[in-house]
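Notes follow the structure.
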There are 2 protein chains.
Amino acid sequence: MSDTQENEPMVISTIADKVCNKLQNAIVEGVIPAGSKISEPALASEFGISRGPLREALSRLEACNLIERTPNVGARVVTLTREHLVEIYLIRESLEGLAARLAAEKMSDKDIFELDALLEKHKQQIKQDQSYYQKEGDMDFHFRIIKGSKNSHLIDMFSNDLYHLIRLYRYQFGMVSKRVPRAFVEHEQIVDAIRQRDGELAQFLMTRHISSSRRNVEKMLDEHLAITD
Amino acid sequence: MSDTQENEPMVISTIADKVCNKLQNAIVEGVIPAGSKISEPALASEFGISRGPLREALSRLEACNLIERTPNVGARVVTLTREHLVEIYLIRESLEGLAARLAAEKMSDKDIFELDALLEKHKQQIKQDQSYYQKEGDMDFHFRIIKGSKNSHLIDMFSNDLYHLIRLYRYQFGMVSKRVPRAFVEHEQIVDAIRQRDGELAQFLMTRHISSSRRNVEKMLDEHLAITD
DNA sequence: AATATCAATATTGTCGACAATACACTGCCA
DNA sequence: TGGCAGTGTATTGTCGACAATATTGATATT
């Protein structure tokens, strides 16, 4: 699928790699529901493999915070909570603000040109179908900025941890937002600050952009809770 | 050892837990040198266990960035570089600035009282022996602030990733610093901002504190390189 | 009816063996 | 002499079985 193609596809060398990838997607898409218990024998049987590589895969899923493992009890998909999502957004503000600042310093002119092209592509997509942009285009943009930071540890932190959780929350909480046109303008402004090599402004705008998203998400979740209560 | 007691000791339930803990310390302390290849059969033999739990432990070490694993080739302790250390410091500025801001909002009066007590304890230790403070007291202080953020994801990110790497770099690069008295004053100022519930100031001071440490580290590393060249 | 206890069953952690892959060494050729 | 190919060995990935631990269901007690 194109989402994994755009955002550094996992290299599949071993059975564990393959199974980990499949389980990541199954969890994010809710095929294995949040909070549910994971059975090693059942999954191993389903994949037609032994429990050894399955446990390797589970270990990696634990590392990217999609599951929690308890010794002698087993693994369980994480429970999604408003609190946790807000926590993640706060961390995103912090780290992506840094990424934007570094991107303003580090991105090549070619990188920035490609970022512009990506924005143009997103502009066309918004006119046709907003849902595609909401699902993966936004993440694509953010990931490009993080890559532009040239801070490999930051890129790893995002790729191995935050990315999957953000996808999971988006998928499960069905975040269709009225905010798209405004968010796109903010993307453009961030890129402009980067193009001007103004790190401080880029950081400010990115932090503010994610902060607005957080407030929007908080509001939506509160409304969602009000409905279900 | 008291460093692990203060900073959330790993709960030992399985052989893999135990081996992971031992390997973490062996890597941080240089018993297994940076860059070196890890042999599963040799380590399993040394610990008197099968390769199964050893691989579990290696998977966890990979998750906390102490080793890198390549399929069908094996595991290797990470190589320490100036670039990587600077990357980590930049991320620390970002995340610990956030932590300090949240701590100013979230810490209870009791928490703050205990933080004061910790500072007083460190003051006494500085008078007697600066090396203890340099090794773990500083981390202790920082970890308290991060815990005070009450952002569980942030605490996990620190505990599972940054903490080990910081220890590793400190141990291997032998960071004895002339900066201790000044750094302690900065700690006091950060706590004061938190006590005043001034999140913006706490964040500013913490970011600046770590930025100063980064510059100090960069300078030391440059001097170190000059000597060895 | 609710709670506690016990035994059976299922699951998780670990073991040792086999299959697949990479590495190291030797010999041959240009 | 240097590079390449082939072979043997070591290491990594996976398998299935056994041991240890937790869970579930049935029964007894209050």
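Computed over heavy atoms, backbone and side chain alike; hydrogens, waters and symmetry mates excluded. In what follows, chains carry the letters A, B, and so on, assigned in the order in which the sequence lines appear, proteins first and then strands, with residues in each chain numbered from 1.
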State which residues pass salt bridge (charged side-chain N to carboxylate O under 4.0 Å, His left out) with B/E105; sequence neighbours excluded, sorted by chain then number.
none
Summarise how protein sits on nucleotides 5-19 of chain D as a single string, 5' to 3': B when a protein heavy atom is under 4.0 Å from the base, S for sugar-phosphate-only contact, - for no contact.
-------BBBB-B--
Taking salt bridge (charged side-chain N to carboxylate O under 4.0 Å, His left out) as the definition, give me every residue that meets it alongside B/R51, ordered by chain and number, with sequence neighbours left out.
B/E40
Keeping to residues at least two apart or across chains, list the ring-ring contact (aromatic ring centres under 6.0 Å, His included) pairs with something in residues 61-87 of chain B.
A/H153-B/H84, B/H84-B/Y169
Between side-chain atoms of residues 61-74 of chain A and protein atoms elsewhere (two or more places apart, or another chain), which donor-acceptor pairs fall under 3.5 Å?
{"residue": "A/N65", "atom": "ND2", "partner": "A/D161", "partner atom": "OD1", "Å": "2.9"}
{"residue": "A/N65", "atom": "ND2", "partner": "A/D161", "partner atom": "OD2", "Å": "3.4"}

Using the test ring-ring contact (aromatic ring centres under 6.0 Å, His included), find all partners of A/H164 that sit at least two apart in sequence or belong to another chain.
none
